[in-house]
There are 2 protein chains.
Amino acid sequence: MALDIVRSDPDETQSGAARVFTFFRDRLLSGELKAGDRLLAERELALALGVSRPVLREALRSLAMLGLLDIQHGRGAFVRAADASVLGQALTLCLAPEPNILDDVLQARIAIECQAIRLACERASERDLQAIAGILDTLVDSLDDPERGGGADYAFHLALVRASGSSALMKIYEAISPLLMRSHVERRRDTFREPAITSRLVDAHCEVFLSLARREPDQAERALRQHFLIGDELRRKNLISTYQARENQP
Amino acid sequence: MALDIVRSDPDETQSGAARVFTFFRDRLLSGELKAGDRLLAERELALALGVSRPVLREALRSLAMLGLLDIQHGRGAFVRAADASVLGQALTLCLAPEPNILDDVLQARIAIECQAIRLACERASERDLQAIAGILDTLVDSLDDPERGGGADYAFHLALVRASGSSALMKIYEAISPLLMRSHVERRRDTFREPAITSRLVDAHCEVFLSLARREPDQAERALRQHFLIGDELRRKNLISTYQARENQP
DNA sequence: AGGCCTAAACTGGTAAGACCATGGACTGAC
DNA sequence: GTCAGTCCATGGTCTTACCAGTTTAGGCCT
């Protein structure tokens, strides 16, 4: 009763579940509802908001699907901390119908990382640099293990973005990561046997790191772009060899 | 009955609405459901999927909230083309709790645009270039109108990203656009009276365009970064003058 | 008196049925 | 041939009831 604010929402065109949905979304955006908060019981909420329980549930369920709510049977509904996985899902859905998604997402990755490393050159703390150095060690150690190596590779680039201190870049990077991950590991599996390649790979990472540690943005970005170019070249060679193999044995 | 595939989903932990939700999501991802398709009526779907109508509605409503479905009263539910607005919403929700979002999102914008213009130097078609040139004309024409000018400014940068031919970059750019828009117009309103500034603004855009037309990636990115730097500087001066005004009249 | 076990009172999850509101199509009259 | 009214299909909402986990409080046994 007392909470019957929903009806007084400015946008009267929305009705029922949509109204309740925006009601909670706004409260989440404004920070009035924080992560961990427990919502009232469904029956009480329905009463308070002046809608029936099914309608309320449609809204709550929608918020849950978006990852904003954590509804637990028998316990209640809890506000969940905003997570990049939602973003990733949304991105995946948006990009699903497009062709050449992998190449395309790679471009986004390059975009984020190149800007991130510029920022990192200005903002990275000692801790950030040490973290990256540690990952670099792991990378060198795990050259012969495509699984660990791939993980370290990913961790290296993620640490770069984190060192930028920009949560927006970080969130977007995390969002596109799942799309990148697959090709990342696969590519590594194909190439980890070549000593020449792995050595160049380590050199590239080292150069990026050194430029960052020396706080040289232009140099760092150039090194990073070079690194990506090499990756691109490798992928192309892979494609060619795959095609040739298929041609020989149709 | 015949469609009772949902129950045989591998993940038995999910129940009811969540199962139906993933059912449709997967069909959307796989392209089995295309934009414009009309779903069966709720009652039929509920029967076919072996769930009650409320449960089905919870799932459909969730998809609608995500922007994947367009449910029309009296007509039916239609698959909607994947839209960047969902992405924008998700991003807004993810970034809501963070401080300094505006600066941060600006960094993401710079990231996207700098990579986009590099790609555009390789890929932009004649049409793309002509479109950008047209917008540039509009920009020059509307120097004294902050509303139109701001719009043209935005259109210019959007056209740059579009010219990259990367839908991923485009989608992400569209997603962060609403967050940028506000500050964009506001800033322009504050500065459009200064002839020196507006002239520099036009020069900057022209230089970016020329570099693009000449297909010089490094040059183009440098011009773009310079453009952003000037914007940053302007914003800082604005902040200072605002602060000073407040100090004089507390 | 204290600990354990059970049952009741929460909580969300699901179902069925009825009714209203809207949109479109069909049919009738003009 | 055209227009208007009716009818049907569809989504929108509510009510009610019951099922299924979770918590808690009270009683029972030790």
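Letters A, B, ... are given to chains in the order of the sequence lines, protein chains preceding strands, and every chain is numbered from 1. Since the model is a prediction, treat every value here as computed from it, not as a measurement.
- Distance, B/Leu47 CG to C/dG17 C1': 15 Å, rounded to whole Å.
- Regarding A/Arg57, its CZ atom lies at a distance of 16 Å from the P atom of D/dT13, rounded to whole Å.
- Two residues, B/Pro54 and B/Glu42, neighbour DNA chain D, and the one matched to the more 5' nucleotide by heavy-atom proximity is B/Glu42.
- A heavy atom lying under 4.0 Å from DNA chain C marks the following residues of residues 58-79 of chain B, by number: B/His73, B/Gly74, B/Arg75.
- Applying the salt bridge (Lys or Arg N to Asp or Glu O under 4.0 Å) criterion to B/Arg61, with sequence neighbours excluded, gives A/Glu58.
- Nearest-nucleotide assignment on DNA chain D puts the 5′-proximal partner with A/Ala17, out of A/Ala17 and A/Arg43.
- Separation of atoms OG (A/Ser85) and CG (A/Leu91) is listed at 12.5 Å; rounding is to 0.5 Å.
- OP1 or OP2 of C/dA16 has not a single side-chain nitrogen or oxygen of B/Arg53 nearer than 4.0 Å.
- Take A/Arg123 and apply the salt bridge (Lys or Arg N to Asp or Glu O under 4.0 Å) test, not counting sequence neighbours, and it matches no residue.
- Within the structure, every pair that satisfies the side chain to side chain donor-acceptor pair (under 3.5 Å) test and touches residues 67-77 of chain A, not counting sequence neighbours, is listed here: A/Asp70-A/Gln72, A/Gln72-A/Arg75.
- At whole-Å resolution of the value, CG in A/Leu56 and C1' in C/dG13 are 14 Å apart.
- We find that CG of B/Leu45 is positioned 12 Å from C1' of D/dG11, with the value rounded to whole Å.
- B/Phe156 is linked by a ring-ring contact (aromatic ring centres under 6.0 Å, His included) to B/His205, counting only residues two or more places apart in sequence or in another chain.
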What's touching nucleotides 24-26 of chain D from the protein side, N or O pairs under 3.5 Å?
none

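- Applying the salt bridge (Lys or Arg N to Asp or Glu O under 4.0 Å) criterion to B/Arg162, with sequence neighbours excluded, gives no partner residue.
- Residues that satisfy the salt bridge (Lys or Arg N to Asp or Glu O under 4.0 Å) test with A/Glu174, not counting sequence neighbours, are absent from this structure.
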Show me the donor-acceptor pairs, under 3.5 Å and distance only, between side chains in residues 101-108 of chain A and residues at least two apart or in other chains.
residue  : atom : partner  : partner atom : Å
A/Asp103 : OD1  : A/Arg235 : NH1          : 2.7
A/Asp104 : OD1  : B/Ser166 : OG           : 3.1
A/Asp104 : OD2  : B/Ser166 : OG           : 3.3
A/Asp104 : OD2  : B/Ser167 : N            : 2.6
A/Asp104 : OD2  : B/Ser167 : OG           : 2.9
A/Asp104 : OD2  : B/Ala168 : N            : 2.6
A/Gln107 : OE1  : B/Gln115 : NE2          : 2.8

